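Taking it in order: structure first as structure tokens, then the write-up.
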Amino acid sequence: MKRESELDRLRRELLDRSWQPGGYRIFTIREPKRREIAAAPFRDRVAHHALCRWLGPVLEHRFIARSYSCQIGKGTMAARETCRRLVNQYAFVLKCDVRKFYPNLDHAILLQKLRQRIACPGVLDMVERIVASFRTGPELPPAWFTGDDLFAVTRPRGLPIGNLTSQLWGNFYLDDLDHALVESERHGAYLRYTDDFLIFGDDKNRLWELRQRVIDELAAVRLRLAEPKSRLLLTEEGVPFCGFVFRPNHRPRVLGATKRRFFSRWRTLESARRIPELSRFVVAWFQFSREGNTVGLRKGLWTKGARQGVFSHRRG
């Protein structure tokens with residue numbers, strides 16, 4: 001009932017720079033893996049969306065073509081299609097993942113990068129307040145890098161998983177890595193989805209050289225590769241990416257871990273008799289899984305769901 005007045009008040013606060021981020025609500029999720037989520041107040045999320053609508057095109061203008069996540073038309077489906085094409089072309093892939101990506105994003109480095117792209121003082125002030133509103137605690141010890149002194153441990157770091165701004169800034173934070181590989185190293189067989197990226201090739205020695213370049217570029221922004229997740233694979237063995245396994249000349253298959261999480265969630269909702277929620281969950285998973293070679297799996301699940309009344313209240 002107060003939407004217009006609240007929006008007007010938020011607008012005035014942003015214009016006169018009196019707006020301050022509210023406190024976060026912290027909770028933990030365990031699917032697909034354990035993560036600590038920091039949810040901002042609703043009015044702050046409205047401000048985040050307004051900021052990203054303005055800032056998104058400014059930052060995305062610099063992104064390479066195969067940088068995915070938090071962009072219109074460049075979500076998981078587009079990333080998986082690019083992965084499928086590259087798997088069909090190359091014999092090897094260097095699969096890389098960044099260790100504790102969002103909790104380790106350095107505030108000073110992020111703000112330095114953003115100041116090079118933002119000319120508006122008001123927007124920059126808002127950005128600085130959002131970045132300063134959250135920081136990783138001592139429960140996650142910082143990594144040490146060459147040249148660090150004792151004060152390095154006090155460097156503010158971390159972006160809240162849950163903010164729309166964190167998704168955009170996380171993608172932007174690794175933009176220099178993208179350009180280093182694609183332009184400086186002239187290696188175009190590459191794609192990245194946030195902190196999960198793949199480097200394809202037919203020469204293993206060349207891929208090991210590129211791995212060292214990745215390590216150096218990450219160290220420059222105080223990040224490290226996650227071990228043993230980062231490894232060299234034969235594409236024929238299967239390339240896990242965005243919930244699927246990709247093999248040359250085959251349609252992708254759903255990862256075993258993804259299926260196990262799905263069935264575990266199904267059993268939980270079924271035992272609690274939360275049928276409407278289970279129905280929505282299953283239909284959403286059908287839309288996800290149809291990208292792969294899952295006809296038999298989906299038929300079996302549909303038969304099981306119909307027998308248990310999961311779809312009885314939905315038309316068709």
Side-chain angles (χ1 to χ4, degrees), residues 31-34 63-69 74-101 170-171 174-219 223-263 285 288-298:
E31 294 182 7
K33 62 182 180 180
R34 191 179 188 279
F63 291 174
I64 65 170
R66 289 177 175 170
S67 171
Y68 298 92
S69 172
K74 300 185 73 175
T76 55
M77 185 180 297
R80 286 193 286 262
E81 174 59 23
T82 299
C83 179
R84 185 191 64 80
R85 293 200 305 268
L86 292 174
V87 163
N88 287 337
Q89 296 175 32
Y90 296 95
F92 301 100
V93 59
L94 182 64
K95 177 175 171 54
C96 298
D97 193 2
V98 179
R99 178 182 177 273
K100 300 292 184 182
F101 179 60
N171 209 2
L174 293 181
D175 181 61
D176 287 339
L177 170 65
D178 296 341
H179 288 273
L181 292 174
V182 174
E183 297 172 2
S184 299
E185 296 292 340
R186 298 186 179 278
H187 194 87
Y190 165 81
L191 78 152
R192 178 171 64 84
Y193 190 90
T194 311
D195 65 322
D196 190 4
F197 50 98
L198 306 172
I199 308 173
F200 291 85
D202 293 320
D203 185 345
K204 288 196 292 186
N205 292 330
R206 173 58 175 163
L207 291 178
W208 284 121
E209 292 175 2
L210 292 175
R211 184 180 190 275
Q212 186 57 50
R213 179 64 188 268
V214 168
I215 291 173
D216 295 341
E217 290 291 331
L218 291 178
L223 293 173
R224 285 182 176 167
L225 284 178
E227 304 289 356
K229 292 181 179 179
S230 303
R231 58 196 188 277
L232 186 66
L233 302 170
L234 271 170
T235 54
E236 289 183 354
E237 297 175 352
V239 181
F241 185 70
C242 287
F244 287 80
V245 178
F246 296 82
R247 289 184 174 85
N249 304 314
H250 290 81
R251 290 191 66 189
R253 290 186 175 273
V254 178
L255 276 170
T258 305
K259 287 190 284 188
R260 287 191 293 272
R261 287 194 298 268
F262 168 75
F263 286 116
W285 196 85
F288 158 78
S289 63
R290 68 191 305 172
E291 294 182 41
N293 184 13
T294 58
V295 175
L297 175 63
R298 285 183 283 123

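Computed from heavy atoms alone, side chains included, the values below leave out hydrogens, waters and symmetry copies. Everything numeric here is computed off the predicted structure, so don't read it as measured data.
Within 6.0 Å of atom NZ in K95, more than 12 heavy atoms from other residues, nucleotides or ligands are found, so the atom counts as buried in its surroundings. Atom CZ of R253 has 12 or fewer neighbouring heavy atoms from other residues, nucleotides or ligands inside a 6.0 Å radius.
The shortest side-chain heavy-atom distance between E81 and M77 does not fall under the 4.5 Å cut-off. A heavy-atom distance below 4.5 Å is found between the side chains of V254 and W285. The closest side-chain heavy-atom distance from F92 to T235 is not below 4.5 Å. R66 places a side-chain heavy atom less than 4.5 Å from the side chain of L86. No side-chain heavy atom of H187 sits under 4.5 Å from any side-chain heavy atom of V182. Residues S184 and R213 are in side-chain contact: their nearest non-hydrogen atoms beyond the backbone lie under 4.5 Å apart. Looking only at side-chain heavy atoms (C-beta outward), V214 and L181 come within less than 4.5 Å of each other. Using a 4.5 Å heavy-atom threshold, the side chains of D196 and F241 count as touching.
Judged purely by atom type and a 3.5 angstrom limit, S230 has no side-chain atom pairing as donor or acceptor with the backbone of L225. Side-chain atoms of D97 do not come within 3.5 Å of backbone N or O of F197 as any donor-acceptor pair. R251 contributes a side-chain N or O that, together with a main-chain N or O of G292, makes up a donor-acceptor pair within less than 3.5 Å. At distances below 3.5 Å, at least one donor-acceptor pair connects side-chain atoms of R80 with backbone N or O atoms of C242. Judged by distance alone, the side chain of D178 and the main-chain N or O of I64 form no donor-acceptor pair under 3.5 Å. A donor-acceptor pair under 3.5 Å is absent between the side-chain atoms of K74 and the main chain of A79, judged by distance alone. With hydrogens and angles ignored, the 3.5 Å screen pairs no side-chain donor or acceptor of N293 with any backbone N or O of P252.
The two residues F288 and G243 come nearest to each other via the heavy atoms CZ-O, 4.1 Å. The two atoms that bring P240 and L233 nearest to each other are CD-CD1, 4.0 Å, heavy atoms only. Taking all atoms of both residues into account, the shortest heavy-atom contact from L198 to C83 is CD1-SG, 3.7 Å. Counting all heavy atoms, side chain and backbone alike, E183 lies closest to R186 at O-CG, 3.3 Å.
Among N171, T76, T194, D195, the one residue that satisfies the side-chain hydrogen bond (donor to acceptor under 3.5 Å, both in side chains) test with S69 is T194. Considering E227, E217, E185 as possible partners of R211, the one that fulfils the salt bridge (charged side-chain N to carboxylate O under 4.0 Å, His left out) test is E227.
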Applying side-chain contact (heavy atoms from CB on, under 4.5 Å) to R224 and V98, what does each step give before you reach the verdict? CA-CA 6 Å; R224 285 182 176 167; V98 179; over 6 Å; no
Go through it in stages, so that I can follow the logic: the residues are R247 and E236, the test is salt bridge (Lys or Arg N to Asp or Glu O under 4.0 Å), and I'd like the CA-CA distance, side-chain angles, deciding distance and then a yes or no. CA-CA 6 Å; R247 289 184 174 85; E236 289 183 354; over 6 Å; no
Set out, in order, the CA-CA distance, both residues' side-chain angles and the distance that settles side-chain contact (heavy atoms from CB on, under 4.5 Å) for C96 and R231, then state yes or no. CA-CA 7 Å; C96 298; R231 58 196 188 277; over 6 Å; no
Go through the steps to decide whether Y190 and L177 satisfy the test side-chain contact (heavy atoms from CB on, under 4.5 Å), and finish with yes or no. CA-CA 11 Å; Y190 165 81; L177 170 65; 4.2 Å; yes
Would F200 and L207 count as a side-chain contact (heavy atoms from CB on, under 4.5 Å) here? Give the steps. CA-CA 8 Å; F200 291 85; L207 291 178; over 6 Å; no
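Once rounded to the nearest 0.5 Å, the distance linking CG of L218 with CZ of R99 reads 12.5 Å. How far CG of L174 is from CZ of F63: 9.5 Å, rounded to the nearest 0.5 Å. Summarising the geometry, atom CG belonging to L94 is positioned 12.0 Å from atom CD belonging to E209; distances are rounded to the nearest 0.5 Å.
Checking Q212 against D216 by side-chain atom types alone, a donor-acceptor pair falls below 3.5 Å.
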